[in-house]
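Below, each value reflects all heavy atoms present in this structure, side chains not excepted, and no hydrogens, waters or symmetry copies.
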Amino acid sequence: MSKKKARTYSAEFKAKVALEAIRGDLTVNEISKKFGIHSTQINRWKPQALASLKASFNGKQQKADSDNQKLTDDLYRQIGQLTCENEFLKKSVWE
């Protein structure tokens, strides 16, 4: 018995299908036939697209990206400091 391999779709394709569903010009079944995917998949992608759209307008993603960058910078600074301290201690012990 052979298993069907799950198909993966690009983000661009998902966005295209979700936008079709959001527009509402075609029914979900018509979109399903047009793109050759199951209607259940369209019904999953549509709310994901709407949520992403809402998030892009509320600025939370930009704040999260800024917070992540600040955290990364702090961690790199700490790594540099600890590396210097470690090298100093190695030299002072062996001298």
Side-chain angles (χ1 to χ4, degrees):
M1 184 176 235
S2 65
K3 289 186 178 182
K4 280 189 174 181
K5 189 175 183 180
R7 292 174 41 180
T8 56
Y9 301 98
S10 69
E12 182 180 339
F13 179 78
K14 291 177 183 180
K16 187 177 185 180
V17 173
L19 284 174
E20 283 278 340
I22 291 168
R23 276 192 208 116
D25 295 338
L26 302 172
T27 67
V28 173
N29 287 334
E30 290 171 333
I31 296 169
S32 174
K33 289 177 185 174
K34 180 178 176 180
F35 291 102
I37 58 173
H38 199 275
S39 58
T40 304
Q41 195 63 58
I42 297 168
N43 289 326
R44 287 184 187 155
W45 291 344
K46 183 179 175 182
Q48 288 176 352
L50 288 171
S52 296
L53 227 83
K54 290 176 188 173
S56 69
F57 284 106
N58 67 14
K60 288 183 180 177
Q61 183 62 39
Q62 291 174 348
K63 185 176 182 328
D65 289 345
S66 174
D67 290 346
N68 286 340
Q69 184 61 43
K70 184 179 178 193
L71 177 63
T72 303
D73 291 344
D74 287 344
L75 291 173
Y76 277 120
R77 183 187 52 75
Q78 287 178 0
I79 289 170
Q81 181 180 352
L82 292 172
T83 302
C84 289
E85 290 174 1
N86 193 21
E87 291 299 318
F88 174 78
L89 291 173
K90 281 183 185 176
K91 287 180 184 177
S92 64
V93 169
W94 294 107
E95 289 180 357

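- The two residues A21 and K46 come nearest to each other via the heavy atoms O-NZ, 3.6 Å.
- The shortest non-hydrogen separation linking V28 to I42 is O-CD1, 3.8 Å.
- Applying the side-chain hydrogen bond (donor to acceptor under 3.5 Å, both in side chains) rule to R77 yields no partners; only residues at least two apart in sequence or on another chain are considered.
- Between N86 atom CG and L82 atom CG the span is 8.0 Å, to the nearest 0.5 Å.
- For residues 12-23, the set of pairs meeting the salt bridge (charged side-chain N to carboxylate O under 4.0 Å, His left out) definition, not counting sequence neighbours, comprises E20-R23, E20-K34.
- Note on V17: it clusters hydrophobically with L26, by side-chain heavy-atom contacts below 4.5 Å among ILVMFWY residues.
- Cluster partners of L89, by chain and number: F88. The rule joins Ile, Leu, Val, Met, Phe, Trp and Tyr whenever side-chain heavy atoms lie under 4.5 Å apart.
- In this structure, the side chains of T83 and I79 come closer than 4.5 Å at one or more pairs of heavy atoms.
- Put simply, CG on L19 and CG on D25 are 11.5 Å apart, with the number rounded to the nearest 0.5 Å.
- A ring pair (Phe, Tyr, Trp, His ring centres under 6.0 Å) check over residues 21-43, counting only residues at least two apart or in different chains, returns the pairs F13-F35.
- Nearest heavy atoms, S32 versus S39: OG-N, 3.6 Å.
- Evaluation of the side-chain contact (heavy atoms from CB on, under 4.5 Å) rule for Q41 yields R44, W45 as partners, not counting sequence neighbours.
- Residues passing the side-chain contact (heavy atoms from CB on, under 4.5 Å) test with T27 are N29, E30, sequence neighbours excluded.
- For Q78, there are no side-chain hydrogen bond (donor to acceptor under 3.5 Å, both in side chains) partners at least two apart in sequence or on another chain.
- Contacts of E85 classified as side-chain hydrogen bond (donor to acceptor under 3.5 Å, both in side chains), with partners at least two apart in sequence or in another chain: Q81.
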